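Not measured: the values here are computed from a predicted model. All heavy atoms count here, side chains included; hydrogens, waters and symmetry mates do not. A note on names: the letters A, B, ... follow the listed sequences, proteins ahead of strands, and every chain is numbered from 1.
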Amino acid sequence: MSILRIRRTWHIVALATAMALGAAACSGSTGGSTAGAGGKPPTDGVLTVGLLGDIGQPPDPDIYYANNGTAIMINAYEGLVQYQNDTDQVKIAPRLATSWTVGANHTVYTFHLRHGVTFHDGTPFTSAAIEPSFQRRLAVKGGAAYMVAGVKSVRTPDPYTAVITLDKPNAAFLSYLASPFGPKMESPTALTQHAGTDHAQTYLRTHDVGTGPYELTSAVSGTKYVLTQYKGYWGPKSPFTTVNLPVYSSAAPLQLALDSGDVSAVVAALPSSSLGHFASDPNVRNYFLPTLQSSLLTLNPSRSFFATKQARLAFLKSVDQQKLVSQVLGKRSSVATTLYAKGMIPGGADKQSIGYDPSAMAAYAKTLPSGTAMTIGYANGNPNAQNMAEILVAQMQAIGIKATAQGYDTATVFSWPQAPKKGPDAFVDGNNGPDGGDPYMWGHVFWDASGGIDYFACDLPSVDTALNQAVKSGDTNLYVQAAEEYAANGCYMNLSYNKDWVVAQKWLTGVPQSQNLGANELNFSLLGIAK
Amino acid sequence: MIRFVLWRTGAAAVLLVVLSALVFVLQQISPGDPARAYVGGNASPAAVAAAHHRLGLDRPWPQRYVRYLWHALHGDLGISLRTHRPVTTDLGQFLPATAELVLFSFVLALLLALLFALSGALRWPGTGLYRGVLLLAGTAPAFLLGLGGIVLFYGHLHWLPEAGRGVDTSSPTGFVLLDSLLHGDTGAFTDGLRHLLLPGLALAVAPAISIGRILRAGLERTFGADYVRTARSKGIREVQVLWRHVVRNSLDATLSMAGLQLGFMFAGVVIVENVFTWPGIGYYLAQSIPQSDFPAIAGVTLLLGGVYIVVNAVVDVLQAVADPRLTV
C-alpha cells in the first residue's frame, strides 16, 4: 500500500467521522416538547419554563427558602391564604381557606376551609392537616420555621374550621401564611407514611405531599424539575398537563432557548441588558409585574468612611436615584419613593425624602486626606447591582475619592452582619425583598440586627422597639415612625421598586393573572394558550 | 517494580490528605457562612446559629478536620449544605455524566490529535485548513469555545442542543450512550450523542493540539529514522511501516502527554459543564462554591484530585513498565 492509498484511506475515515457527527447533529431530538422554532404553541400539553440556575435547596416546603424554586412551591403546594394575583397592592386572598376572622388583639385567627380538596395521595384536606404541617415545619428547623413558632394551639371544632391561637399578638401572621415561604398544607397520611428518620425530608427531595394544581414528578438537582397536572385538583386547570423546568447555568443559552421557542417563558431571570433584544422580538410578550422586591443601597457605619451620620447622609444625597434606576434597570423597575416596599403602607405615608444634592458629598470629600479609598460592593452574578455600583464608583472618583467596585459571593455577603468591619463601605443589593407583604417583615429583616439581612448591623434599638410594638397591633403610624427614624440614620436607601420581568411566547396567555407580588413566580394552572 | 508501585500509591494517599487539609484551611479563612446556605437567605441570626450547632460548625476546625478524615475513610463525605443529601450520593449521581463527557472528549481528542499529527507529518494536501481551524479553536478558552458553539450550532443553525444530556436513561450505568444502547433505544443514543458533541468538542480541542503536536514531532523524527528506511527497502507494505515502525515508536512521549491531558480534562470539565449545564461533578462544584457548600466542595476536590493522581500514577507505572530505567 502506498502513501497515497494511506492518505486516501485517512481522508475517507475523516470524512466518514465528520458525516457521522454531522448526521447526529442534524437528526431531531427525541425528548422535550413539541414547542419549537417560530414560537408555535405546544400540541402535547407541555409547558417549558426555563430556570436560570438551580433552585438551590431541596423542593421541600418547610426547608425551601431561596429563589426560583418557589415555582415548585406555589404549584405543588397551597397554604391557607395567598397574596391576591394581578395587583400591585398587598391584599390577602383565599386559597385553602375561603374566609377568616382575626381576633381583636391579633392572637386568635379562625379559618373556614375549602370543601372538596384532596392531597396528591388522595387524602381529603381537612382542618386536621394544619397542626401536623406546622409541627413538621418546626421539627425540620428551616429558615422560615419562625412563621409558625408563635403558634400556641390549633383547635379543630369541625373538619372545615380551624382556630389558630398565637402565644402573643402578631398582626403579621396572615402575611406569614400568605408568603411563598409560608406554611403549606401537607398530607398527614403521606407525612406519616414517608416519615423515615428525618420527618420525610428524604422523600420530599423528589416528591411532594401537597394539594396544588401540579405534582412534582421528577426532581434532578441542577438539571430539571418536572410537574405533572394533578387530576383531582379542586381549582381551575390549564391546558398544560406537564410543566418542565429545565435549569440553565447562564443567561445566554436560556435566552437562545427562548428565542428558538424551546422555552415557553422565563420569569425574572434574564439580565436587564436583554431588555432591548426582547422588546423588539415580535414572537414574545414582555410583562413587568409588581413584586415586593427592591434594589437597596446600604452603608456601613462600622467603616471609618461612613462612621458619621453626616457622611452617610451626604453620600445618599449624592445618588441621582432617578438616573441610576432608569439607566441601569430600565422598564423592569421604577424609582422607589417609599421606605418600605411599594403598597405595604396604604397611601405611601412612608415617604422616602432624600433629595438629590451632590454638594454635601463633594464638601465631605474635601475634608478627607488625599487618596482616601472606599469600596462599593455588589453580589456576584447580579449585573444590575454591578452596573449601579460602578456608576456610583465613577461619581466618587470624580470628586477625588479612590473608589472601587467589588463583587462578593452570596455566602460572604451574609456573613457581614456578624462581622460588619469585614464588609465594604457600601453595598448595592440589586434585588431583595421580604418574605411577605406586612411592613414588619420588611423592617425586621432589613433594619433589625436580629432580623437576618441588616448587612452592616446598622441597628437602632428604638426602631426595633417601635417595630416590635407595631407588629402587635398592625399600627401603620408606628411602622411609619420606625421607618423615618431608621432612614434619618443614613444607613439605607430604597433605590427602586423591582418588577418581575416575564418574557413569554406570544401564545401564552394569563401571565399577569397567574402572578402575585409575593410569589415572584407563576401559578401554572392559570396559564393558557391563545386561540 | 513493586517498590515503585507502592511508593507511588503511598505518595498518592499523602497528596490526597494534603489536598483535603488545603480545602479545610480554605474553608477556615473564607468569610462565607455555610450555615446560611443551609437555612436560606433571609434566615434570622438565631436560625443560622442553630444550624451552626446542628452542622457541627461551632466545633474547632482541627477537630472537624480529623472527624471529616475519619468519616471520609469510611466513605462518608458529609451532607451537602445545598442539596441536603449525602455528598457521596450527589457524587454518585453526577460522576457518570462527567466520566462520560471526559471519556467522549478524550476519544475525540485522540482522533483529532491523530489527524492533526498525520496530516502535518505526511504533508497531506488541503489539510492546512484543518490544522488552522484546530489551532485557532485551541487559542480560545474552553468557555468561549462553548458559548460560540452554542450561538452557532444551536442559536443560528439549530443543529445541536444548547444544554443538558438529553433523554434520561440514567440506568443501569449512568452513561447515556451506553444505557441507550443497552436499552436498544437508537433515538436516545442519537439524542445523547447530539448533546455530547458541543461540550465534547469544547473540552477536546486544546488537549488534541497538545497531544497532536507531540505525536507529530515523534512521527517526523521516526519517519527519517534508519530502521524505517530499512523497513521500506525490505519491501514491507507502507501501512505496516507506518503502524509497526513509525507510530509505535512515536507513542512514548505521546502516551505521557495523553495521560497528563486526561487528568487536565477532569479538572477543566468544571468550566465546560457549567457552560452547557452538563449535570456532572464540575457543574455540581460550580453551584456549590457560591453557597460555601464546603462538604460538597471538599468531596469534589478529593474526587478530582484522586482521579488526577491516579491517572498520573498509572501513566508513571506504564512508563516504568515500558522503560524499567525510570524506576531506578
Side-chain angles (χ1 to χ4, degrees), chain A residues 1-3 5-7 10 14 17 21 24-27 29-31 37 53-54 56-58 63 65-66 141-146 201 205 220-224 246-250 252-253 256-257 259-260 380-381 409-412 414-415 417-419 422 434-435 445 449-453, chain B residues 30-34 36-37 39-47 50-51 54 82-85 90 111 115 118 122 124 147 150-151 153-155 158-168 187-188 190-191 193-194 197 237-239 242 274-277 279 283-284 286-287 289-292:
Chain A
M1 188 184 281
S2 67
I3 283 277
R5 280 189 67 186
I6 294 169
R7 283 180 188 173
W10 271 104
T17 308
L21 294 179
C26 296
S27 62
S29 169
T30 57
D54 187 41
Q57 288 182 323
I63 298 281
Y65 201 32
K141 295 176 183 162
Y146 75 90
Q201 286 187 71
R205 283 181 201 134
V220 185
S221 171
T223 305
K224 190 176 171 184
V247 178
Y248 289 82
S249 58
S250 58
L256 286 170
D259 278 338
S260 69
N380 284 332
D409 281 338
T410 314
T412 305
F414 285 126
S415 71
Q418 282 77 49
K422 290 184 179 172
D435 291 346
V445 167
S450 69
I453 322 184
Chain B
S30 163
D33 185 354
R36 174 69 72 164
V39 287
N42 285 10
S44 67
R54 208 169 348 138
R82 189 172 57 82
T83 66
H84 292 218
R85 297 196 307 177
D90 283 346
L111 276 174
L115 284 174
L118 286 176
L122 296 174
W124 291 345
L147 281 177
I150 290 173
V151 170
F153 291 104
Y154 172 71
H158 307 294
W159 286 2
L160 293 171
E162 79 291 16
R165 291 180 85 189
V167 179
D168 180 23
T190 313
D191 195 44
L193 191 60
R194 292 175 72 244
L197 274 178
R237 290 197 307 163
E238 188 62 27
V239 73
L242 191 64
N274 208 37
V275 169
F276 288 95
T277 321
Y283 181 51
Y284 176 64
Q287 290 180 304
I289 290 171
Q291 297 204 42
S292 296

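Interface residue B:Ala163: only side-chain heavy atoms are found under 4.5 Å from chain A. Contacts between B:Val151 and chain A at a heavy-atom distance below 4.5 Å involve backbone atoms as well as side-chain atoms. Heavy atoms closer than 4.5 Å to chain B are found in both the backbone and the side chain of A:Tyr248. There is no contact between A:Ala145 and chain B, counting heavy-atom distances below 4.5 Å. Proximity to chain A is limited to the side chain of B:Arg54, based on heavy atoms less than 4.5 angstrom apart.
Your options are A:Pro246, A:Gly142, A:Gly56, and the one with the most heavy-atom pairs under 4.5 Å with chain B is A:Gly56. For the set A:Thr223, A:Leu256, A:Asp409, A:Thr410, the entry with the most heavy-atom pairs within less than 4.5 Å of chain B is A:Leu256.
For the pair B:Val39 and A:Lys141, the tightest heavy-atom approach, listed with the atom from each and the gap, is CG1-O, 4.2 Å. B:Tyr283 and A:Ser249 make their closest contact through CE1-CB, 3.6 Å (heavy atoms, listed as atom of the first residue, atom of the second, distance).
For B:Tyr154, the ring-ring contact (aromatic ring centres under 6.0 Å, His included) test picks out no residue, with sequence neighbours left out. With sequence neighbours excluded, the residues that form a side chain to side chain contact (heavy atoms under 4.5 Å, CB included) with A:Ser250 are A:Pro253.
In this structure, CD on B:Gln287 lies 6.0 Å from OG on A:Ser221, to the nearest 0.5 angstrom.
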